[in-house]
2 protein chains.
Amino acid sequence: MNNPTRTPVSRRSRPAKDPLSQEVIVKTAFDLLEREGSSGLSMRKIAKALDTGPSSLYVYVKNLEELSTYVLDYGLGKLVLPPAADGSWQSNLFDALNAYLTVLYESPGLAELALTTIPIGPHSLALMEYILARLDEGGASSISAAWGVDLLLLYTASVAFEQTSRDRMGTTLQTITETFRSLDPLRYPMIAALKDVMFSGDETGDLQRFRWGLEAILRGVLQTGDKAPGRDVNA
Amino acid sequence: MNNPTRTPVSRRSRPAKDPLSQEVIVKTAFDLLEREGSSGLSMRKIAKALDTGPSSLYVYVKNLEELSTYVLDYGLGKLVLPPAADGSWQSNLFDALNAYLTVLYESPGLAELALTTIPIGPHSLALMEYILARLDEGGASSISAAWGVDLLLLYTASVAFEQTSRDRMGTTLQTITETFRSLDPLRYPMIAALKDVMFSGDETGDLQRFRWGLEAILRGVLQTGDKAPGRDVNA
DNA sequence: ACCTGAACACCGTTCAAGT
DNA sequence: ACCTGAACACCGTTCAAGT
């Protein structure tokens, strides 16, 4: 059975199993998240995909929560921020948040992570830094910028989350609209009157609504500044 | 073994086990949520607390998701909205959202539900109706009111969620502040410059910050109105 | 140092069987 | 109509044992 010519034949009949590493684990986890949504993000599924046992992962990752923060940041790696040199600070800001929204749309489950895990990875920080810089350009005070960036990121992530969780289960949307349609207009007159406006629904309407919210927040953030907090909102 | 006097003796030697009902299930679930946070909300734990098997619950409740919406609304039952007759619409609005925030603070896990499940129960709707009415009083357009109410509720719930999830795990807060403290100021100059403002931290600061956000959103919502969407935010 | 197997203590949901 | 037991197909995490 030996090869008499002793041609060096690799003892590895097939490529060696990739050794584990934090990087492969995060990448695999992200793939699962993209393919199956947030329920795909489980230690056991990741382990199975890597052809090993779940306990092996704990060498590279403290627990699922820590892994989640890595996965979020890995997903945010796709984010491309517009060059700050081009365009106004406002359009750059809108474009950046739009890009954020798009990334969250494209990987179902990522929006939930963005809402649930602490964004302290390099890509999260880069986005934060970018937005802070645009707000600063726009003349926002330190407080406005520091607190406003949270508001803007939260808003964007939650719009994405609402959308993706609506897609996930088609039933839910029906439940909602049915509920609102059958409301007692005497008990909930405002809701009854506005129910059509509240659910624009179509995709173009969604984007328009997203933009509307962004503008509203931005206006408010820039104007509220660090004036003495007063009761009068319209002053 | 028979009682010869035939005195009517209850066959029930102890009070009959409360028959199951959606109401007891929801109440028990909420108690668990309050005591153990969101991880306490499980079919099996609820069943155990009711001294039955998990399968029994499915007679009264479709699944955990549906139950979650009931639990959220049950928790919101504690919400007391200020009488609309007293005070200005603005102070009523602030008070209502403050009450909402307080309820979410007081029942750990409720904030997560508010962010995650669809609020179509009567108490959620009452809160929504109340806020819509105040915005209407304040002269908001239909669109501003309809879209603004979402923004205000989302903001409040997320402030509560961030706070409660910070309390849950004391480690996390340290991780965050450490990360921000050790950031490279060359790579993230804005974050480095503003890191102290971003984490006011103390409780009074939290409330102040909450109020600041509310005012910012309100300002923006009222002003953005239904003007033609323009690029210029400051106009 | 890394990986494995096996175990522990959990999940949600279904379903045939009982009353 | 309601409740039960048992099962199915999952979870995250730990730990002694191997190499």
Side-chain angles (χ1 to χ4, degrees), chain A residues 11-12 14-30 32-33 35-72 109 112-113 116-118 165 168-169 171-172, chain B residues 11-12 14-26 28-33 35-72 109 112-113 116-118 165 168-169 171-172:
Chain A
R11 246 78 112 265
R12 292 179 272 185
R14 50 181 91 179
K17 202 165 82 175
D18 277 346
L20 282 180
S21 70
Q22 197 175 90
E23 213 194 327
V24 260
I25 291 173
V26 171
K27 203 188 162 349
T28 307
F30 179 74
L32 278 165
L33 184 74
R35 215 168 330 121
E36 302 181 24
S38 54
S39 71
L41 198 64
S42 96
M43 298 300 259
R44 294 185 109 103
K45 280 183 183 161
I46 296 162
K48 192 169 287 175
L50 288 168
D51 196 30
T52 182
S55 51
S56 303
L57 307 177
Y58 287 85
V59 179
Y60 303 93
V61 127
K62 214 188 80 187
N63 52 30
L64 182 63
E65 193 186 331
E66 193 193 271
L67 176 57
S68 298
T69 75
Y70 298 149
V71 171
L72 171 62
E112 195 175 339
L113 279 191
T116 298
T117 77
I118 312 117
S165 59
R168 224 183 338 157
M169 34 194 183
T171 88
T172 311
Chain B
R11 247 78 110 264
R12 292 179 269 182
R14 49 181 94 179
K17 203 165 85 176
D18 277 347
L20 282 180
S21 70
Q22 198 176 89
E23 213 194 327
V24 260
I25 291 173
V26 171
T28 308
F30 179 73
D31 289 346
L32 279 165
L33 184 74
R35 216 168 329 122
E36 302 181 23
S38 54
S39 71
L41 199 63
S42 95
M43 298 301 258
R44 294 185 108 104
K45 279 184 184 161
I46 295 162
K48 193 170 286 176
L50 287 168
D51 197 29
T52 182
S55 51
S56 304
L57 307 177
Y58 287 86
V59 180
Y60 303 94
V61 128
K62 215 188 79 189
N63 52 31
L64 181 63
E65 194 186 332
E66 194 193 90
L67 176 58
S68 297
T69 75
Y70 298 148
V71 171
L72 172 62
E112 195 175 339
L113 279 191
T116 299
T117 77
I118 314 115
S165 60
R168 225 182 339 158
M169 34 196 184
T171 88
T172 311

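Letters go in sequence order (proteins before strands), and every chain restarts at 1. Computed from a predicted structure; not experimentally measured.
Qualifying side-chain hydrogen bond (donor to acceptor under 3.5 Å, both in side chains) partners for B:T117, counting only residues two or more places apart in sequence or in other chains: none. Looking at residues two or more places apart in sequence or on another chain, you find no salt bridge (charged side-chain N to carboxylate O under 4.0 Å, His left out) involving A:K48. Residues satisfying the salt bridge (charged side-chain N to carboxylate O under 4.0 Å, His left out) criterion with B:E36, sequence neighbours excluded, are B:K45. B:E23 meets the salt bridge (charged side-chain N to carboxylate O under 4.0 Å, His left out) test with no other residue; sequence neighbours excluded.
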Each base of DNA chain D marked ( ) or [ ] if paired in-strand (Watson-Crick or G-U under 3.5 Å), | if paired to another strand and . if unpaired gives ||.|||||...|||||.||
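The interatomic distance linking A:L57 (CG) with C:dG5 (P) rounds to 13 Å, in whole Å. The CD1 atom of B:I46 sits 16 Å away from the P atom of C:dC10 (whole-angstrom rounding). Rounded to whole angstrom, the span from the CD1 atom of A:I25 across to the P atom of C:dC2 amounts to 11 Å.
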Enumerate all atom pairs, one protein N or O and one N or O from nucleotides 11-15 of chain D, separated by less than 3.5 Å.
| residue | atom | partner | partner atom | Å |
| --- | --- | --- | --- | --- |
| D:dC11 | OP1 | A:S42 | OG | 3.3 |
| D:dC11 | N4 | A:R44 | NH1 | 3.4 |
| D:dG12 | OP1 | A:M43 | N | 3.1 |
| D:dG12 | OP2 | A:M43 | N | 3.0 |
| D:dG12 | OP2 | A:R44 | N | 3.2 |
| D:dG12 | N7 | A:R44 | NH1 | 2.5 |
| D:dG12 | O6 | A:R44 | NH1 | 2.6 |
| D:dT13 | OP2 | A:Y58 | OH | 2.9 |
| D:dT13 | OP2 | A:L64 | N | 3.0 |
| D:dT13 | O5' | A:Y58 | OH | 3.3 |

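Atom CG of A:L64 and atom CZ of A:R44 lie 12.5 Å apart (nearest 0.5 Å). To the nearest 0.5 Å, the span separating CG on A:L67 from CD1 on A:I46 amounts to 5.0 Å.
For the residue pair B:S68 and B:L41, the shortest heavy atom distance occurs at OG-CD2, 3.8 Å.
The backbone N or O of B:I25 sits nowhere less than 3.5 Å from a side-chain atom of B:Y60 that would complete a donor-acceptor pair.
For the P atoms, the distance from D:dA9 to C:dC10 is 22 Å, rounded to whole Å.
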